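Keep in mind it's a predicted model, so treat the numbers as computed, not measured.
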Amino acid sequence: MARNNSAPAAEAKAPDFIAWHVANRGDKAFWTKVGAAWFHRDRKGVSLQLEVVPINGRIVLRTPLDDETKEQPGA
């Protein structure tokens, strides 16, 4: 008989930060959402989940706006 050792699924938590890739082209900067980040329980660290990995530019973490958290499942 197989044992089920998995803990009950935790309710999805809205991210604490949205990860953006910022590419500068001339005088303009183009922002593309690439992932999200959540504080650890002790708030001494952050877990970052990227959906894509940019090869140039920079990644910026920003607190989500109200309309961005509505897009996240479980928010």
Side-chain angles (χ1 to χ4, degrees):
M1 177 191 276
R3 290 185 178 179
N4 183 359
N5 291 333
S6 62
E11 190 173 312
K13 180 182 171 239
D16 296 303
F17 299 96
I18 302 296
W20 298 91
H21 169 249
V22 183
N24 293 318
R25 294 189 184 107
D27 292 341
K28 294 185 179 184
F30 295 89
W31 291 60
T32 306
K33 189 187 299 188
V34 295
W38 294 263
F39 277 116
H40 293 180
R41 284 187 187 141
D42 62 6
R43 300 188 67 81
K44 292 184 179 182
V46 176
S47 291
L48 175 63
Q49 180 176 338
L50 296 175
E51 301 299 324
V52 297
V53 180
I55 59 171
N56 60 2
R58 63 181 187 251
I59 295 177
V60 175
L61 298 177
R62 304 269 308 177
T63 55
L65 301 174
D66 287 338
D67 58 336
E68 289 171 344
T69 57
K70 291 177 187 172
E71 294 176 14
Q72 302 298 323

Heavy-atom closest pair, residues Pro64 and Pro15: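 Smallest interatomic distance, heavy atoms only, reads CG-O, 3.4 Å.
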At their closest point, which heavy atom of Trp38 faces which heavy atom of Lys13, and how far apart are they?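 Taking every non-hydrogen atom into account, NE1-O, 2.9 Å.
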If you count every heavy atom of other residues, nucleotides or ligands that lies below 6.0 Å from Asp27 atom CG, does the total exceed 12?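 Check fails, neighbour count at 12 or below.
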Determine, using the 4.5 Å side-chain heavy-atom cutoff (strictly less than), whether Leu50 and Val46 are members of one ILVMFWY cluster.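 Same cluster: Leu50 reaches Val46 through Ile, Leu, Val, Met, Phe, Trp or Tyr contacts under 4.5 Å.
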Determine whether Ile59 and Trp20 make a side-chain contact, defined as any pair of heavy atoms from C-beta on separated by less than 4.5 Å.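 No, their side chains stay 4.5 Å or more apart.
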I'd like to check Val52 versus Thr32 (side-chain heavy atoms, cut-off strictly below 4.5 Å). Are they in contact?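 No; the side chains remain at least 4.5 Å from each other.
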Given Leu61, which of Ile18, Asp16, Leu48 fulfils the side-chain contact (heavy atoms from CB on, under 4.5 Å) condition?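 The side-chain contact (heavy atoms from CB on, under 4.5 Å) with Leu61 is passed solely by Leu48 among Ile18, Asp16, Leu48.
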Using only atom types and a distance under 3.5 Å, with no angle test, would you say the side chain of His21 pairs donor to acceptor with the backbone of Phe30?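 Here the side-chain-to-backbone pair does not exist.
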